Asks: 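Encoded as structure tokens, here's the structure I'll be asking about.
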There are 2 protein chains.
Amino acid sequence: MDALKQTITRCRNLGLRRTKALEELLATLIEADRPMTLAELAASKRLTDQCDKATVYRLLQRLTDHAIIRRLGLHERAAYFTLLQPGKHSDYLICTGCGKIDAVKAPCPVHKLEEEIREKTGYQNLYHELEFFGTCPACA
Amino acid sequence: MDALKQTITRCRNLGLRRTKALEELLATLIEADRPMTLAELAASKRLTDQCDKATVYRLLQRLTDHAIIRRLGLHERAAYFTLLQPGKHSDYLICTGCGKIDAVKAPCPVHKLEEEIREKTGYQNLYHELEFFGTCPACA
DNA sequence: GTAATTGCAAATACTTTGCCACGTA
DNA sequence: TACGTGGCAAAGTATTTGCAATTAC
């Protein structure tokens, strides 16, 4: 539960107010340890009855702007959000059948190419998103 | 314009009918040579007045089912579609400012990891999607 | 006290479907 | 002819916003 305190501190340092909704949202994301959608978050135990979906939406937006979380594509119609923790990076393995999302454990092989792109193209604030799609054994 | 003929042939072999809408849709995707959204496609020169948006939608669905095109996430609210050509694979570089999408020219560094994942996890029909996000020089 | 944050409700955006007419094989 | 396709219009799902009330600092 230390990650939660650290993250709240990061938020405070960025000028965000410490509200119940903020704490519960971050706690939910940290506990789940996987990307979640707005709908999932708004319906989660800690947040239902706690606050409106619009609040969760705007909170996600604010946290995204401050680079506390990141919005992911992941192929679903709904957007996914994941906590950004310094020094951590995840690639994902997603089942096209049931939608299950796992983090890939192997080291990410893309950093070198990312460097190259930074140098050659002059793009700034570069980051990447890597997803593997396939049919999981259970769905096959 | 050979890619067009080849792709139409692939469609015919899969049992799809050769309609005006099919031809124009494929021609548009091939000419653009980049992922496009449903809205873009439906509004493109070759397809406006040619057919309804629902038709384009169902055509994209059919072509996706038959693995002629692939649906991409790419972070936008709208889904993107790109032509799948045997032996071709693209990673993308996307500006978070203006939304510009470029194909990355360097060879994709992910295939080895993809193999590993196939072996270790037993996932089938594995493929990946790799995107780099950043601020392009014009937006910086 | 004051500016950030929230709730509620309404508006958008994009996608998806029903039903019947039409065209390709 | 028969079944895949297409047009039009309506419904569905996810996101986004306006405004007044509330709350953290």
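Letters A, B, ... mirror the listed sequences (proteins, then strands); counts begin at 1. A quick note: this is a predicted structure, and the numbers were derived from the prediction, not measured.
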Asks: Quick one: does A/T48's side chain have a donor or acceptor within less than 3.5 Å of a partner on A/A43's backbone?
Replies: yes
Asks: Any base atoms under 4.0 Å from B/A21, or only sugar-phosphate, or nothing? Heavy atoms, all strands.
Replies: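 Counting heavy atoms under 4.0 Å across all strands, the contact made by B/A21 is with sugar-phosphate only.
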Asks: Using whole Å, what does the distance between atom C1' of nucleotide D/dC25 and atom NZ of A/K20 come to?
Replies: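 It is 18 Å, rounded to the nearest whole Å.
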Asks: Between D/dT16 atom C1' and A/D52 atom CG, what is the distance in whole Å?
Replies: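 Taking CG of A/D52 and C1' of D/dT16, I get 13 Å after rounding.
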Asks: Does A/R77 contact D/dT13 through a side-chain donor or acceptor facing the base, at a distance under 3.5 Å?
Replies: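 Yes, the side chain and the base share a sub-3.5 Å donor-acceptor pair.
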Asks: Under the criterion side chain to side chain donor-acceptor pair (under 3.5 Å), which of A/R18, A/R46, A/Q50 is the partner of A/E23?
Replies: A/R18
Asks: Atom CG of B/L60 to atom C1' of D/dG6: distance rounded to whole Å?
Replies: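 Distance, rounded to whole Å: 14 Å.
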Asks: Which part of the nucleic acid, if any, lies within contact of A/A54, taking any heavy atom under 4.0 Å across all strands shown: a base, the sugar-phosphate backbone alone, or nothing?
Replies: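 Touches a base.
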Asks: Given the rule that I, L, V, M, F, W and Y join up when any side-chain heavy atoms are under 4.5 Å apart, are A/L41 and A/L83 in one cluster?
Replies: yes
Asks: Whole angstrom is fine here: how far is it from CG in A/D65 over to P in C/dT5?
Replies: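 To the nearest whole Å, that distance equals 11 Å.
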Asks: Would you state whether a donor and an acceptor, one from the side chain of B/R58 and one from the base of D/dG7, lie under 3.5 Å apart?
Replies: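 In this structure, the two groups form a donor-acceptor pair.
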Asks: Counting the atoms with a prime plus P, OP1 and OP2 as sugar-phosphate, which does A/E76 contact under 4.0 Å by heavy atoms, base, sugar-phosphate, or nothing?
Replies: nothing
Asks: In whole angstrom, what separates A/L41's CG from D/dT15's C1'?
Replies: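 Distance check: A/L41 CG to D/dT15 C1' gives 14 Å.
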Asks: More 5' along DNA chain C: B/A78 or A/Q50, using each one's nearest nucleotide?
Replies: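 Nearer the 5' end of the strand: A/Q50.
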Asks: Looking for any heavy atom pair under 4.0 Å, which part of the strands does B/L16 touch: base, sugar-phosphate only, or nothing?
Replies: sugar-phosphate
Asks: Which listed nucleotide (C/dT16, D/dT23, D/dG7) is nearest to the side chain of A/R17?
Replies: D/dT23
Asks: Under 4.0 Å, heavy atoms only, any strand: does B/A79 hit a base, just the sugar-phosphate, or nothing?
Replies: sugar-phosphate
Asks: Where is the tightest heavy-atom contact between A/L60 and A/L38, given as atom of each residue plus distance?
Replies: CD1-CD1, 3.8 Å
Asks: Are A/I94 and B/Y127 linked, directly or through intermediate hydrophobic residues, by side-chain heavy-atom contacts shorter than 4.5 Å (ILVMFWY only)?
Replies: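 Result: yes, single cluster for both.
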Asks: Please state how far atom CG in A/L38 lies from atom C1' in D/dT13, giving the value in whole angstrom units.
Replies: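 Value for this atom pair: 12 Å.
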Asks: Quickly work out the A/L22 CG to C/dT5 C1' distance and round it to whole Å.
Replies: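 Rounding to the nearest Å, CG of A/L22 and C1' of C/dT5 are 11 Å apart.
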Asks: Roughly, in whole Å, what's the span from CZ in A/R62 to C1' in C/dA3?
Replies: 12 Å
Asks: Between D/dT16 and A/Y57, is there an OP1 or OP2 to side-chain N/O distance shorter than 4.0 Å?
Replies: yes
Asks: Between A/T19 and C/dA4, is there a contact of a side-chain N or O with OP1 or OP2 at under 4.0 Å?
Replies: no
Asks: Look at the side chain of A/R18 and the base of D/dC25, then say whether one donor and one acceptor between them are separated by less than 3.5 Å.
Replies: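 Checked by distance alone, the answer is no.
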